Amino acid sequence: VQLVESGGGLVQAGGSLRLSCASHGFTFETHAVAWFRQAPGKEREEVSCLSNTDGNRFYADSVKGRFTISSDPAKTTVYLQMSSLKPEDTAVYYCAAGHEPYGLVAFPPANDFHFWGQGTQVTVSA
């Protein structure tokens, strides 16, 4: 079981990137998949979460209206489309998955996610 992130890179402020989180060894069906990020010297923070059970989506206030989380029809890859990027979005972005067969009413705590990717760096220049 493995999660593999890709799509990070260097982009100018106002630009866009799309991160991908691919599952290996299982599918995301009945799983919640989330993106977290951690900037240097800061604590890890929630970014966005998607329930593949009921389709509910959650976003941190700091990214609402700019980021969109989605899943491919086969539920093997989750995407984070990031637009209108700001320098404060600079961080290592991690995807995480946790089994949740009942749907979500809120962003689960990080401890609920049992599978984590290795992270992908996103750098936004001013």
Side-chain angles (χ1 to χ4, degrees):
V1 173
Q2 192 179 10
L3 300 181
V4 179
E5 301 109 331
S6 60
L10 173 64
V11 64
Q12 286 188 331
S16 299
L17 283 173
R18 188 177 79 159
L19 304 183
S20 299
C21 174
S23 63
H24 295 268
F26 72 112
T27 71
F28 289 137
E29 197 162 5
T30 70
H31 281 72
V33 181
W35 289 93
F36 294 81
R37 68 186 181 186
Q38 187 164 22
K42 295 188 177 181
E43 292 188 356
R44 182 179 59 195
E45 63 174 349
E46 303 168 347
V47 176
S48 183
C49 181
L50 168 67
S51 165
N52 282 290
T53 300
D54 60 15
N56 282 343
R57 291 166 168 80
F58 304 92
Y59 298 95
D61 288 343
S62 59
V63 306
K64 274 180 187 174
R66 300 188 298 121
F67 290 11
T68 302
I69 192 169
S70 62
S71 180
D72 71 326
K75 298 193 188 301
T76 60
T77 304
V78 168
Y79 304 98
L80 185 68
Q81 178 67 47
M82 306 186 295
S83 303
S84 301
L85 283 161
K86 305 174 181 180
E88 50 264 44
D89 294 318
T90 295
V92 177
Y93 283 70
Y94 300 91
C95 75
H99 185 54
E100 56 83 15
Y102 305 111
L104 295 176
V105 295
F107 202 127
N111 287 343
D112 283 7
F113 296 94
H114 301 124
F115 306 111
W116 290 79
Q118 80 288 353
T120 186
Q121 176 70 46
V122 171
T123 302
V124 184
S125 62

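Everything numeric here is computed off the predicted structure, so don't read it as measured data.
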What distance separates D112 CG from H99 NE2, expressed to the nearest 0.5 Å? 12.0 Å
Determine, step by step, whether R57 and L50 satisfy the side-chain contact (heavy atoms from CB on, under 4.5 Å) criterion, reporting the C-alpha distance in whole Å, the side-chain angles of both residues, the deciding distance to 0.1 Å, and the verdict. CA-CA 5 Å; R57 291 166 168 80; L50 168 67; 3.7 Å; yes
Pairing of D61 and K64 as salt bridge, 4.0 angstrom limit: yes
Once the angle between the rings of F36 and F113 is folded into 0 to 90°, is it parallel (under 30°), tilted (30 to 60°) or perpendicular (over 60°)? perpendicular
Given the side-chain rings of F28 and F115, with only the six-membered ring counted for Trp, is the space between their centroids under 6.0 Å? no
Smallest heavy-atom separation, P108 atom then E46 atom, equals O-OE2, 4.0 Å
Side-chain donor or acceptor of S23 paired with backbone N/O of T76 under 3.5 Å: yes
Heavy-atom distance under 4.5 Å between the side chains of V78 and I69, does that happen here? yes
Could you go step by step and tell me if T90 and R37 meet the side-chain contact (heavy atoms from CB on, under 4.5 Å) rule? CA-CA 9 Å; T90 295; R37 68 186 181 186; over 6 Å; no
With a 3.5 Å distance limit and no angle check, can you tell me whether D54 reaches the backbone of L104 through a side-chain donor-acceptor pair? yes
Honestly curious: do V122 and W116 fall in one hydrophobic cluster under the side-chain, below-4.5 Å linking rule? no
Only pairs under 3.5 Å count here: list side-chain donor-acceptor contacts from residues 11-18, not counting sequence neighbours, and write none if there are none.
none

Applying side-chain contact (heavy atoms from CB on, under 4.5 Å), run through R66 and D89 and close with a yes or a no. CA-CA 11 Å; R66 300 188 298 121; D89 294 318; 2.7 Å; yes
Taking F58 as the starting point, is it possible to reach V63 by hopping between hydrophobic residues whose side chains are less than 4.5 Å apart? no
Is there a chain of hydrophobic side chains (I, L, V, M, F, W, Y, each step under 4.5 Å between heavy atoms) that links F67 to F107? no
Indicate if V33 and V47 have the same hydrophobic cluster label, given that clusters are the connected sets of ILVMFWY residues with side-chain heavy-atom separations under 4.5 angstrom. yes
Would you say that more than 12 heavy atoms from the other residues, nucleotides or ligands in this model lie under 6.0 Å from the CD of E45, or not? yes
Let me confirm one number: the OG-CD distance from S20 to Q81, rounded to the nearest 0.5 Å. 9.5 Å
Return the minimal non-hydrogen interatomic distance between N52 and S71, and the atom names on each side. OD1-OG, 3.3 Å
If we count only N and O atoms by modelled type, under 3.5 Å, do the side chains of S51 and E100 hold a donor and an acceptor together? yes
Distance from T68 atom OG1 to Y79 atom OH, nearest 0.5 Å? 14.0 Å
For T120, all residues meeting side-chain contact (heavy atoms from CB on, under 4.5 Å), sequence neighbours excluded: E5, L19, Y93
Residues in disulfide (SG to SG under 2.5 Å) with C49, at least two apart? none
